[in-house]
Amino acid sequence: MATSRITLPPLLVSRTLASQLLRFYDYPDPRRPGRIIKGYDGPHAVRTARMCAAVAARLGHPPARVKQYQIACLLHDLGRAGLDRHLFGRIWSWARAHGIPTRPREWRALHPDTRYGRETEAFVARYRTAMDDAGITLDSWACEQVEMRLGYARRLAARLRTVKPLLRELGVAWAPWMGRVMLYYYYPEKLEGAQPWVRQLAEVLVACEQFEAYSNQRRGRDYYVRRREDLSEAFAYLQTLQREQILSRLVVRALRELAAEGVFDGVLAQARGRALTARERAFLRRPEKE
């Protein structure tokens, strides 16, 4: 795909720092000493971070905060370092096919007896035999893949403990709110009592990350069991999150306005691996329905 004329929302940190941060997604393979599992889909993290900074700036957040926020957005999937694309896809495709919740809050809604923070253990106890029958052995490595969704807070905390000293060496001042915004999609309850601006930045990350993911051809192919990317489905999901009060109308509207202005054309084209069609651009440019 020709990329020479693509315009992207800016990275507010240097490319060198962005590359150093993305290397934190690399993970030592516990099954093969000395082998490193390269971070999965770094371009998704970069595109999400670009979009998040654009939306945050549109909402009036000060430049210094937006720059710090973009660092958190670059690391928003850190809890998935070590993702085994094939195994992760098999586990969660199986779960979806059987109507099994894939996010902690959905799991707790269906299984309120599960102890808070022990969703991974509950999943393994309940489905080990069924998954074994399906040819998926829930050994320690497979359980790590389960943890990347149902135990995301625990896994993210462990990864942050590892990388924080390295962040300091890079001159990055890590603030507690940066970790909280990274948890919001899976654990909205962890933002209860947060300052409004922190909650809003958490919403922006969810909105942009999901909007990019719905346009991300690689993710769609690898583990969403998706054959094509559809902008209407992306906006429909954002509206679902708005009805669930995960996203505010203000955040969705800011994202939609920027998309209508063409600010995200470049990131969407990159995510899809092709330029937007005239029909897709027309869809993005149409006025929002009240």
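Throughout, residue positions are numbered sequentially from 1 according to the sequence presented. The figures that follow rest on heavy atoms only: side chains count, while hydrogens, waters and symmetry mates do not.
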Do Glu106 and Arg149 sit within salt-bridge range, that is, some charged N less than 4.0 Å from a carboxylate O? no
Would you check if the distance from the ring center of Tyr152 to the ring center of Trp107 is below 6.0 Å? no
Assess the residue pair Met182 and Glu209 against the criterion (side chain to side chain contact (heavy atoms under 4.5 Å, CB included)); give the C-alpha distance rounded to whole Å, side-chain angles, the decisive distance to 0.1 Å, and a yes or no. CA-CA 11 Å; Met182 295 158 76; Glu209 199 267 344; over 6 Å; no
I want to check a possible cation-pi pair here: Arg199 against Tyr184, using under 6.0 Å from ring centre and within 45° of the ring axis as the test. no
Under 6.0 Å between the ring centres of Phe235 and Tyr214? no
Side chains of Arg47 and Asn216: closer than 4.5 Å at any heavy-atom pair? yes
How about NE2 on His111, more than 12 heavy atoms from neighbouring residues, nucleotides or ligands closer than 6.0 Å, or not? yes
More than 12 heavy atoms from other groups under 6.0 Å of CZ on Arg279: no
Test: Arg256 cationic atom under 6.0 Å from Phe283 six-membered ring centre, within 45° of axis: yes
Just to verify, which of Arg105, Arg180, Arg108 counts as forming a salt bridge (charged side-chain N to carboxylate O under 4.0 Å, His left out) with Glu189? Arg108
How about Glu244: does its CD atom have over 12 heavy atoms from other parts shown lying under 6.0 Å from it? yes
For the side chain of Gln70 and the backbone of Gln68, is there at least one donor-acceptor N/O pair under 3.5 Å apart? no
With a 4.5 Å limit on heavy-atom distance, are the side chains of Thr114 and Glu121 in contact? no
Is the Phe123 ring parallel, tilted or perpendicular to the Trp94 ring (thresholds 30°, 60°)? perpendicular
For Glu229, what residues pass the salt bridge (Lys or Arg N to Asp or Glu O under 4.0 Å) criterion, not counting sequence neighbours? Arg226
Test item: Thr16 and Gln20 side chains (from C-beta on) under 4.5 Å apart, heavy atoms: yes
In this structure, CG of Leu156 is separated from CD of Glu147 (nearest 0.5 Å) by 11.0 Å
Do the two ring centres, one from Tyr25 and one from Tyr40, sit under 6.0 Å apart? no
If you look only at distance, which donor and acceptor atoms sit under 3.5 Å apart when one is on a side chain in residues 190-197 and the other is two or more places apart or in another chain?
{"residue": "Gln195", "atom": "OE1", "partner": "Trp197", "partner atom": "NE1", "Å": "3.1"}

Would you say the side-chain atoms of Glu212 pair up with the backbone N or O of Ala271, donor to acceptor, closer than 3.5 Å? no
Could you give me the CA-CA distance, side-chain angles and deciding distance for Leu284 and Phe264, then say whether side chain to side chain contact (heavy atoms under 4.5 Å, CB included) is met? CA-CA 10 Å; Leu284 289 171; Phe264 297 146; over 6 Å; no
Using a 4.5 Å cut-off on heavy atoms from C-beta on, say whether the side chain of Arg272 contacts that of Leu231. yes
Backbone N or O of Leu255 within a donor-acceptor pair of the Arg58 side chain at under 3.5 Å? no
With a 4.5 Å heavy-atom cut-off, do His44 and His76 have their side chains touching? yes
Quick one, Leu87 and Ile136 - any side-chain contact, counting heavy atoms below 4.5 Å? yes
Mind running side chain to side chain contact (heavy atoms under 4.5 Å, CB included) on Val46 and Val267 for me, showing each step along the way? CA-CA 9 Å; Val46 175; Val267 290; over 6 Å; no
Are the side chain of Arg90 and the backbone of Gly135 linked by a donor-acceptor contact shorter than 3.5 Å? yes
By side chain to side chain donor-acceptor pair (under 3.5 Å), Arg15 pairs with (sequence neighbours left out) none
Between Leu12 and Leu21, is there shared hydrophobic-cluster membership here, with clusters defined by ILVMFWY side-chain heavy atoms closer than 4.5 Å? no
Please answer whether the main-chain N or O of Thr277 pairs with a side-chain N or O of Glu280 as donor and acceptor at a distance below 3.5 Å. yes
Just by distance, do the side chain of Arg159 and the backbone of Phe24 share a donor-acceptor pair under 3.5 Å? yes
Side chain proximity check, Val181 to Val198, heavy atoms < 4.5 angstrom: yes
What distance do Gln239 atom CD and Leu247 atom CG have between them, rounded to the nearest 0.5 Å? 10.5 Å
Mind running side chain to side chain contact (heavy atoms under 4.5 Å, CB included) on Asp77 and Leu83 for me, showing each step along the way? CA-CA 10 Å; Asp77 272 340; Leu83 186 143; over 6 Å; no
Would you mind reporting whether Ile36 and Asp29 have side-chain heavy atoms less than 4.5 Å apart? no
